[in-house]
**Q** 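Here it is: the structure, laid out below.
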There are 2 protein chains.
Amino acid sequence: MASSRTTIGKKSYQLFFGTLANETRLTLINALREKSLNVTQICETTGFEQSLVSHHLKMLEYHGMVFKKEQGKFRYYTVNEKTIKPLLEFIDAHMKEYCCKILAGKR
Amino acid sequence: MASSRTTIGKKSYQLFFGTLANETRLTLINALREKSLNVTQICETTGFEQSLVSHHLKMLEYHGMVFKKEQGKFRYYTVNEKTIKPLLEFIDAHMKEYCCKILAGKR
DNA sequence: TTTTCATATGAAAAGCTGTTCATATATTTA
DNA sequence: TAAATATATGAACAGCTTTTCATATGAAAA
């Protein structure tokens, strides 16, 4: 049994990381870190087009990174703090320690 | 001061996640989780072409996810356990809790 | 010192992802 | 119920990423 190994396949990781490997989606997540917003409010905050925002929110929701709450004709989105916050903190620590080339400004 | 917020920009996250959002690179990381291997050994283990492996290792190294150790004409690569292991464990936990749609088998 | 082995790299082709546009659906208001 | 508002979705195009191929570089062995 190769057991301390994860039980979740490469494809799943690829989808998870792929979901976060996008500047637009990271902007949406960041916008939602303050508080829940509906789609129109997200568009106002970020300056992105409505259909673009909807497409990306769908993907974020599908991967459990945001949650949707229906309220009349509005759809309020909330960031999954439990995942997103520690994840970004963890990565900050990695970057500070290892990614000198990136932090140095190039690329 | 929006201070508990990360100091590292969206672009850096995009590059970090983008590096891991690829099945080939995840396969390389997985191959290296057992032990350090040189490029030829990685090719044997994974079945990938040498130039493909070199391209991807370069990216992984650049982002601090693997380390390279020169030994004569060989280049031994080691996974960055400190980052990769807890990261994958963390994501497993996220998946188990939120990504039912993915785990259910579709996509 | 020529050949062989190990790895790296640049450029082109193939494949994938993001954005836009047009439009659909669903809810509320007039 | 017609019009307005809020959100979602499919398809096409543009742009980016991955893979392949040809070849370069560098170290070791013959």
Side-chain angles (χ1 to χ4, degrees), chain A residues 10-32 36-63 65-79 101-102 106-107, chain B residues 10-32 36-63 65-79 101-102 106-107:
Chain A
K10 258 165 272 161
K11 199 81 199 172
S12 299
Y13 289 121
Q14 189 190 183
L15 292 170
F16 180 94
F17 291 123
T19 301
L20 295 171
N22 176 282
E23 221 176 332
T24 304
R25 286 189 291 272
L26 290 168
T27 302
L28 298 182
I29 286 172
N30 203 52
L32 294 173
S36 289
L37 296 173
N38 64 46
V39 177
T40 303
Q41 292 172 322
I42 295 170
C43 293
E44 282 162 5
T45 307
T46 60
F48 296 142
E49 293 251 19
Q50 180 272 313
S51 89
L52 179 62
V53 169
S54 282
H55 278 301
H56 284 301
L57 286 171
K58 187 182 185 179
M59 185 167 179
L60 288 169
E61 192 205 5
Y62 185 84
H63 290 273
M65 289 159 193
V66 304
F67 305 121
K68 173 159 71 171
K69 202 173 47 183
E70 320 215 336
Q71 213 170 107
K73 63 179 172 178
F74 301 100
R75 301 291 178 269
Y76 280 84
Y77 284 88
T78 309
V79 83
K101 289 169 201 162
I102 295 164
K106 253 221 109 181
R107 214 179 184 182
Chain B
K10 258 166 272 161
K11 198 83 199 170
S12 298
Y13 289 121
Q14 191 190 180
L15 292 170
F16 180 94
F17 290 122
T19 301
L20 295 170
N22 177 284
E23 222 177 331
T24 304
R25 285 189 292 271
L26 290 168
T27 302
L28 298 183
I29 286 171
N30 202 51
L32 293 174
S36 288
L37 297 173
N38 65 45
V39 177
T40 304
Q41 292 171 322
I42 295 170
C43 292
E44 281 161 6
T45 307
T46 61
F48 296 140
E49 293 251 18
Q50 180 270 314
S51 88
L52 180 61
V53 169
S54 282
H55 280 302
H56 284 300
L57 286 172
K58 186 181 185 178
M59 185 168 179
L60 288 168
E61 193 206 5
Y62 184 84
H63 290 273
M65 289 158 193
V66 305
F67 305 120
K68 174 159 71 172
K69 202 175 46 183
E70 320 215 337
Q71 213 171 109
K73 62 179 172 177
F74 302 99
R75 300 291 178 269
Y76 280 85
Y77 284 88
T78 309
V79 83
K101 289 167 201 163
I102 295 164
K106 252 221 108 183
R107 211 178 185 183

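Below, chains carry the letters A, B, ... as their sequence lines are ordered, and counting in each starts from 1.
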**Q** Once you apply a heavy-atom cut-off of 4.0 Å, does His56(B) come out as touching a base, just sugar-phosphate, or nothing?
**A** sugar-phosphate
**Q** Could you state the CG-C1' distance from Leu57(B) to dA6(C), rounded to the nearest angstrom?
**A** 13 Å
**Q** Could you walk me through whether Gln41(A) and Asn38(A) pass the side-chain contact (heavy atoms from CB on, under 4.5 Å) test, one step at a time?
**A** CA-CA 5 Å; Gln41(A) 292 172 322; Asn38(A) 64 46; 3.3 Å; yes
**Q** Can you measure His55(B) atom NE2 to dA11(C) atom P for me and round it to whole angstrom units?
**A** 11 Å
**Q** Taking 4.0 Å as the cut-off, does a side-chain nitrogen or oxygen of Lys58(A) come that near to OP1 or OP2 on dT9(D)?
**A** yes
**Q** Rounding to an integer number of Å, can you tell me how far Met59(B) CE sits from dC16(D) P?
**A** 15 Å
**Q** Round to a whole Å and report the spacing from CD of Glu70(B) to P of dA27(D).
**A** 9 Å
**Q** Do the side-chain N or O atoms of Lys68(B) get closer than 4.0 angstrom to the phosphate oxygens (OP1, OP2) of dA8(C)?
**A** yes
**Q** Are Leu20(B) and Ile29(B) packed together at the side-chain level, in the sense that at least one heavy-atom pair is separated by less than 4.5 angstrom?
**A** yes
**Q** At 4.0 Å (heavy atoms only), tell me whether Ser54(B) reaches a base, stays on the sugar-phosphate, or touches nothing.
**A** base
**Q** Between the base of dA8(C) and the side chain of Gln50(B), is there a donor-acceptor distance below 3.5 Å?
**A** yes
**Q** Using a 4.0 Å heavy-atom cut-off across all strands, classify Ser51(A) as base, sugar-phosphate, or nothing.
**A** base
**Q** When you look at Leu60(A) and Tyr77(A), which way does the side-chain contact (heavy atoms from CB on, under 4.5 Å) test go after all the steps?
**A** CA-CA 10 Å; Leu60(A) 288 169; Tyr77(A) 284 88; over 6 Å; no
**Q** For Tyr76(B) and for Gln71(A), find the nucleotide of DNA chain C with the closest heavy atom, then tell me which residue's nucleotide is more 5'.
**A** Tyr76(B)
**Q** Gln50(A) and Ser54(A): side-chain donor and acceptor closer than 3.5 Å?
**A** yes
**Q** How close or far is atom P of dT17(C) from atom CZ of Phe17(A), stated in whole angstroms?
**A** 16 Å
**Q** So does Tyr77(A) get a side-chain nitrogen or oxygen closer than 4.0 Å to the phosphate oxygens (OP1/OP2) of dA6(D)?
**A** no
**Q** Considering Watson-Crick and G-U wobble pairs with both distances under 3.5 Å, what does dA24(C) pair with?
**A** dT7(D)
**Q** What orientation do Phe74(A) and Tyr76(A) show, parallel under 30°, tilted 30 to 60°, or perpendicular over 60°?
**A** tilted
**Q** Measure the distance from CD on Glu23(B) to P on dT18(D) and round it to the nearest whole Å.
**A** 12 Å
**Q** Take the protein atom CD of Glu49(A) and the nucleotide atom P of dT9(D), then report the distance between them rounded to whole Å.
**A** 17 Å
**Q** From CZ of Arg75(A) over to P of dA26(C), roughly how many Å is that when rounded to an integer?
**A** 10 Å
**Q** Report yes if at least one side-chain N or O of Arg25(B) is closer than 4.0 Å to OP1 or OP2 of dT18(D); otherwise report no.
**A** yes
**Q** So, is Asn22(B) close to the dT18(D) phosphate, meaning a side-chain N or O under 4.0 Å from OP1 or OP2?
**A** yes
